[in-house]
Amino acid sequence: GDRLVVAIDGPAAAGKTTVASAAARRLDALFFDTGVIYRALTLAALRHGVAPEDGLRLAGLARHLDIQVKPPSQPDGRFYDVWLEGEDVTQQLRDPEVDRAVSAVSAHPAVRRALLDVQRRIARSGRVVLTGRDIGTVVVPDADVKIWLDASLEERARRRQRDLAAQGIERSLDEVMEEMERRDRADAERAIAPMKPAKDAVVIVTDGRSVEEVVEEIVRLAGGG
Ligand code: C5P
């Protein structure tokens, strides 16, 4: 059948979205970033006054999360818009408040359990490239291709700093590095579905490599191009 799952995991700002979306285009596959689900839940929690520590209420929110993914309203290189409770929140998902709370929200076992089905449904929908932290290890352990995409902390912090600046948010490199390291540590050290490479993942470190080169390697591993 015409099924393909490419799982791309890795730490924050490793370039997963850039590389995965380009690879998806080349492989005639759907691209989906599972991080938006955790971010949408975190935004919903912030708005409804649910604390990032309150696993019980968060899991309740997760089970009833009113999230929709729609074609992009602006032709600015976005892949899709994300709607939460009837409102386009694509930009708010990148708010620093969400960045700060998302790891704590994502660490609750009941939250992850509640969000597993929707991710697996997407994974089974046809040809897909999925990005996240636990796609190759937990969400789709039988994925056709597993990639662990990484880059040095400094390189990743520079990229994140650039992305923030594009949103009009000026941050020092040290500040960005510290926050990113904190989030990566929380994601890697949580008890359930910690961020880590699958045993059979191909590790790609992107420092000093072009996007095209990395995309080419992934397309080749997926048997395309
Ligand atoms: O990839 P992104 O930075 O948007 O992910 C935001 C957060 O969502 C991560 O730091 C992590 O806590 C959580 N996440 C996760 N599992 C995934 C994707 C994201 O725990 N598959």
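Counting starts at 1 for both ligands and their atoms, following the listed order. Since the structure is predicted, the reported quantities are computational estimates derived from the model, not experimental observations. Quick note: numbers below take in every heavy atom, side chains included, and nothing from hydrogens, waters or symmetry partners.
- If you check which protein heavy atom lies closest to atom 2 (P) of ligand 1, you get R133 NH2, 3.5 Å.
- Summary of contacts: the protein heavy atom closest to atom 6 (C) of ligand 1 is R183 NH1, 3.5 Å.
- In this structure a side-chain-to-backbone donor-acceptor pair under 3.5 Å is missing from R127 to R3.
- Between the side chains of R133 and Y38, no donor N or O sits under 3.5 Å from an acceptor N or O.
- Atom numbering of ligand 1 starts at 1 in the shown order; those under 4.0 Å from a heavy atom of R94 are 4 (O).
- For the residue pair T206 / R159, a side-chain donor-acceptor distance below 3.5 Å is found, with atom types taken as modelled.
- Annotation for L56: atom CG does not count as buried by contact number, only 12 or fewer foreign heavy atoms lying within 6.0 Å.
- When non-hydrogen atoms are compared, ligand 1 lies under 4.0 Å from neither the backbone nor the side chain of R160.
- For D150 (side chain) and V205 (main-chain N/O), no donor-acceptor pair under 3.5 Å exists by modelled atom type.
- Among protein heavy atoms, the minimum distance from atom 4 (O) of ligand 1 is reached at R39 NE, 2.6 Å.
- The closest side-chain donor-acceptor pair between D88 and T90 falls under 3.5 angstrom.
- Taking the six-membered ring where the residue is Trp, the centroids of Y80 and F32 are separated by under 6.0 Å.
- Neither the backbone nor the side chain of A12 comes within contact range of ligand 1; no heavy atom lies under 4.0 Å.
- Counting heavy atoms only, R112 comes closest to atom 20 (O) of ligand 1 of the residues Q119, R112, M195.
- Remark: minimum distance from atom 13 (C) of ligand 1 to any protein heavy atom is reached at S106 OG, 3.4 Å.
- When the side-chain hydrogen bond (donor to acceptor under 3.5 Å, both in side chains) test is applied to T137, no partner is found at least two apart in sequence or on another chain.
- If you check which protein heavy atom lies closest to atom 14 (N) of ligand 1, you get Y38 CD1, 3.6 Å.
- Given atom 12 (O) of ligand 1, the protein heavy atom at minimum distance is D187 OD1, 2.7 Å.
- Contact annotation for R190 and ligand 1: only side-chain heavy atoms (C-beta onward) come within less than 4.0 Å of the ligand.
- Listed by number with element, the atoms of ligand 1 under 4.0 angstrom from any heavy atom of S103 are 10 (O), 12 (O).
- Checking only distances, D134 does come within under 3.5 Å of ligand 1, N or O to N or O.
- Residue T34 approaches ligand 1 through these ligand atoms, each under 4.0 Å from one of its heavy atoms: 17 (C), 18 (C), 21 (N).
- Close approach to G35 involves these atoms of ligand 1, each under 4.0 Å from a residue heavy atom: 4 (O), 5 (O), 18 (C), 19 (C).
- Applying the side chain to side chain donor-acceptor pair (under 3.5 Å) definition to pairs two or more places apart or across chains, those involving residues 43-56 are R47-E87, H48-E85.
- For the salt bridge (charged side-chain N to carboxylate O under 4.0 Å, His left out) criterion with D99, the lone passing option out of R39, R94, R171 is R39.
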